[in-house]
Amino acid sequence: MHMNERKTWPEICQIESYQGCWVALDHCRYDEATMQPMEGHVVDADEDLASLCTRMREAGLGSCAIHFCEGSDRITLPPSSRRPTERRATH
């Protein structure tokens, strides 16, 4: 597994090392209807949210989106007529 590869959220949730962890995503795309993450570049992950946020802040990556990966997350992709938007959360 390589950090900073663009992956879909369902792909990320299937990676055992991310399950039960907070995952930092850069260039995260969201489903417009549900605001669920659809894909992004995995930057870092940690079981401890505070540790992850500290590392992200120290690395100057405060604009990444952070989501919890339960491992069984499934999102419904929007109809092809809708385009998801790209949003960046500030933490």
Side-chain angles (χ1 to χ4, degrees):
M1 140 189 67
H2 298 281
M3 292 284 195
N4 212 13
E5 284 185 359
R6 189 162 195 86
K7 294 191 177 299
T8 67
W9 184 245
E11 288 173 333
I12 293 166
C13 290
Q14 293 301 311
I15 299 171
E16 191 172 326
S17 60
Y18 294 148
Q19 294 174 4
C21 291
W22 294 95
V23 179
L25 301 172
D26 198 12
H27 303 288
C28 188
R29 286 190 339 146
Y30 292 89
D31 176 283
E32 290 178 358
T34 66
M35 292 311 296
Q36 293 293 317
M38 290 184 57
E39 66 179 7
H41 292 278
V42 177
V43 177
D44 199 352
D46 200 306
E47 291 179 359
D48 181 58
L49 180 59
S51 295
L52 176 61
C53 289
T54 298
R55 284 197 309 277
M56 300 303 292
R57 198 170 29 255
E58 289 172 353
L61 297 170
S63 64
C64 289
I66 298 177
H67 295 277
F68 188 73
C69 177
E70 292 185 37
S72 60
D73 282 34
R74 295 278 190 260
I75 62 169
T76 303
L77 295 178
S80 59
S81 61
R82 278 195 260 162
R83 280 192 55 130
T85 58
E86 184 170 304
R87 297 180 188 238
R88 298 179 101 189
T90 303
H91 294 282

Exercise. Quick one: are the ring centres of Y30 and H67 less than 6.0 Å apart?
Worked result: yes

Problem set entry | For C64 against M56, the heavy-atom pair lying closest together | SG-CE, 3.6 Å

Exercise. Would you call V43 and L25 a side-chain contact if the rule is heavy atoms closer than 4.5 Å?
Worked result: no

Exercise. Looking at CD of Q14 and CD of Q19, how far apart are the two atoms once the value is rounded to the nearest 0.5 Å?
Worked result: 6.5 Å

For this session: Please round to the nearest 0.5 Å and tell me the distance separating atom CG of D44 and atom OH of Y18.
Result: 8.5 Å

Exercise. W9 versus C28: any side-chain heavy-atom pair under 4.5 Å?
Worked result: no

For this session: Look up atom SG in C21 and atom CD1 in I12, then write down how far apart they are to the nearest 0.5 Å.
Result: 12.5 Å

For this session: Quick one: pull up CD in E11 and CZ in R6 and give me the separation to the nearest 0.5 Å.
Result: 11.0 Å

For this session: Return the set of residues passing side-chain hydrogen bond (donor to acceptor under 3.5 Å, both in side chains) with T54 (not counting sequence neighbours), or none when no residue passes.
Result: none

Exercise. CG of D31 to CZ of R29: how many Å apart, nearest 0.5 Å?
Worked result: 10.0 Å

For this session: Look up atom SG in C53 and atom CH2 in W22, then write down how far apart they are to the nearest 0.5 Å.
Result: 8.5 Å

